[in-house]
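A quick write-up on the structure given underneath.
Just follow the structure's listing: the first ligand is 1, and inside any ligand the first atom is 1. Keep in mind that what you see is a predicted model, and the values were worked out from it rather than measured. For this chain, numbers begin at 1 and follow the sequence in order.
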Amino acid sequence: MSFSNLGLSDKVLAAVAATGYTNPTPIQEQAIPHVLARRDVLGIAQTGTGKTAAFVLPMLTILEKGRARARMPRTLILEPTRELAAQVKENFDKYGAGQKLNVALLIGGVSFGDQDSKLMRGVDVLIATPGRLLDHTERGGLLLTGVELLVIDEADRMLDMGFIPDIERICKLVPFTRQTLFFTATMPPEISRITEAFLHNPARIEVSKPATTAVTVTQSQVPAGREPHEKREILRRLLRDAKDLNNAIIFCNRKREVAVLHKSLQKHGFSVGALHGDMDQSARMAALDQFRKGELPLLVASDVAARGLDIPAVSHVFNFDVPHHPDDYVHRIGRTGRAGRTGTAISIVTPLDSKSMAAIEKLIGQQIPRTEGDYTVHSEASDEDAAPRRSRSREGSRDGARGGRKPRREREARHGEREPRPDQEPRQERAAKPEREPRHGRGSSPQAAPSHVPSIGRAEPRRTQREVDHEPADHSHLPAFLLRPVRARA
Ligand code: AMP
């Protein structure tokens with residue numbers, strides 16, 4: 001099957017040819033004709049399957065006819081994170097280069113004013129995260145009554161992040177007669193339920209079995225104690241010992257841990273970037289860009305920040321924390337071993353993770369063996385700066401992952417410099433505006449998350465009053481006199 005048989009316009013075919021793609025991927029082959037026939041589509045596909053082009057290419061063909069009106073976008077794409085939204089925009093820029101379409105991004109971290117003036121000019125494709133989109137509609141600067149086509153991408157991720165109520169609100173603002181394209185990597189029961197509400201007689205396309213791990217990924221686990229410094233030491237040894245490590249994503253469960261681990265690895269001489277929801281947009285894009293280009297071969301990330309990102313050819317995935325949800329494990333390790341390449345996924349497992357590991361092994365239908373080699377952290381090595389002999393022997397080698405920099409271990413030990421404590425929030429995190437916490441479990445509301453669980457960090461969340469009420473108040477915007485304690489009258 002070639003692209004020319006799918007019904008795409010000549011302009012779009014020329015753009016595809018320019019990118020060098022010769023054949024459509026299975027999701028493209030199956031979805032594109034339905035989209036062009038203006039049918040609803042339910043696509044069950046993970047990232048890496050070519051699903052973005054499966055909706056971008058036919059949308060470009062459809063949009064060749066007609067014009068946008070001020071404040072009334074013709075099509076709307078909802079993405080769970082800023083990065084994914086930006087990635088979809090890149091696809092429009094790439095495939096739509098020959099067309100004069102207005103494509104706008106509505107994401108947090110960018111000024112309302114700029115976004116507003118873009119909306120004023122008329123938008124053919126609006127790519128948005130749910131929170132920022134609703135902020136614009138509430139301000140009256142955006143009307144969704146002209147939307148002919150709605151894309152809900154990464155729906156299961158939206159569910160995890162507590163966005164489904166927002167999506168339901170948005171769906172009420174767009175015309176009932178719209179065409180809807182709905183993509184999800186997995187089909188938990190809640191997603192099945194909402195597809196029935198959002199879609200009309202959809203063409204169902206499933207390109208890979210949900211919750212399967214690629215056979216090309218070698219998975220293993222390393223036992224560790226509960227202490228974060230012990231896990232950090234094990235990770236450093238794993239990084240030094242890893243064979244054929246070209247680049248790696250290191251996943252943490254919490255944004256705070258991302259920041260601490262990032263700082264720690266930097267301190268130990270590794271060339272590493274970070275990606276979590278509290279970083280501002282430009283820092284996130286810069287870290288991602290450096291990782292993609294290979295300038296930073298290691299990236300410490302939270303699930304929220306990393307889900308669905310198109311990062312080709314990652315050789316290793318490390319689970320610094322075992323994810324609480326087995327689906328997340330599948331997504332994380334799906335970052336490696338893509339397109340038939342081999343990959344390695346190593347999880348650092350503490351005694352507290354036994355339940356999560358059992359759930360993961362049940363989901364993937366296989367036992368995850370222990371990594372070869374002894375990574376036990378002995379008491380004398382519990383100091384962060386003490387390295388085991390095995391790793392020390394390799395220390396002088398200049399490998400890519402360490403950015404060719406010798407760890408500053410000796411100097412740090414001499415000066416008594418220590419790792420930042422996990423409970424010491426880096427300034428960047430402290431300064432960050434509080435955002436809504438993503439949900440920690442399917443079917444549980446965001447406010448149901450235990451109060452001791454720090455936020456993983458999110459791009460766009462809208463917060464309910466209850467969440468706001470239960471958070472420590474941010475008084476930075478109030479004049480000082482309002483913050484003075486009120487003396488009770490006798
Ligand atoms: P996605 O699943 O949309 O994240 O796409 C994954 C990767 O596949 C991206 O790097 C795309 O540029 C690439 N891709 C999309 N369509 C094709 C195609 N027909 N042939 C080869 N690569 C593709």
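Residue Gln46 has no N or O atom closer than 3.5 Å to an N or O atom of ligand 1. When only interatomic distances are considered, the shortest N/O to N/O separation between Lys51 and ligand 1 falls below 3.5 Å.
Although no hydrogens or angles enter the test, the distance criterion places a donor-acceptor pair under 3.5 Å between the side chain of Lys231 and the main chain of Phe320. Without hydrogens or angle criteria, Asn102 side chain to Gly122 main chain gives a donor-acceptor distance under 3.5 Å.
Comment: Asp124 does not engage Arg67 in a salt bridge, judged by the lack of any side-chain N to carboxylate O separation of less than 4.0 angstrom.
Between His200 and Phe176, the ring-plane angle classifies as perpendicular under the 30° and 60° cut-offs.
Closest heavy-atom contact between Met161 and Pro80: CE-O, 3.7 Å.
The contact set between ligand 1 and Thr25, taken as ligand atoms under 4.0 Å from a residue heavy atom, comprises 17 (C), 18 (C), 19 (N). Below 4.0 Å from some heavy atom of Phe3 lie the following atoms of ligand 1, by number and element: 19 (N). Below 4.0 Å from some heavy atom of Thr52 lie the following atoms of ligand 1, by number and element: 1 (P), 3 (O), 4 (O). For ligand 1 and Lys94, the ligand atoms under 4.0 Å from any heavy atom of the residue are 12 (O).
Contact annotation for Gln28 and ligand 1: only side-chain heavy atoms (C-beta onward) come within less than 4.0 Å of the ligand.
Contact analysis leaves Glu29 out of contact with ligand 1, as no non-hydrogen atom separation drops below 4.0 angstrom. Heavy-atom separations between Asn23 and ligand 1 include at least one value shorter than 4.0 Å.
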Item checked: Steps toward salt bridge (charged side-chain N to carboxylate O under 4.0 Å, His left out) verdict (Asp93, Lys89) -> CA-CA 6 Å; Asp93 293 343; Lys89 169 125 185 350; 3.2 Å; yes
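Compare Ala45, Pro26, Gly50 by their heavy atoms: the one nearest to atom 5 (O) of ligand 1 is in Gly50.
Side-chain contact between Leu57 and Val35: absent, with no pair of heavy atoms (C-beta onward) separated by less than 4.5 Å.
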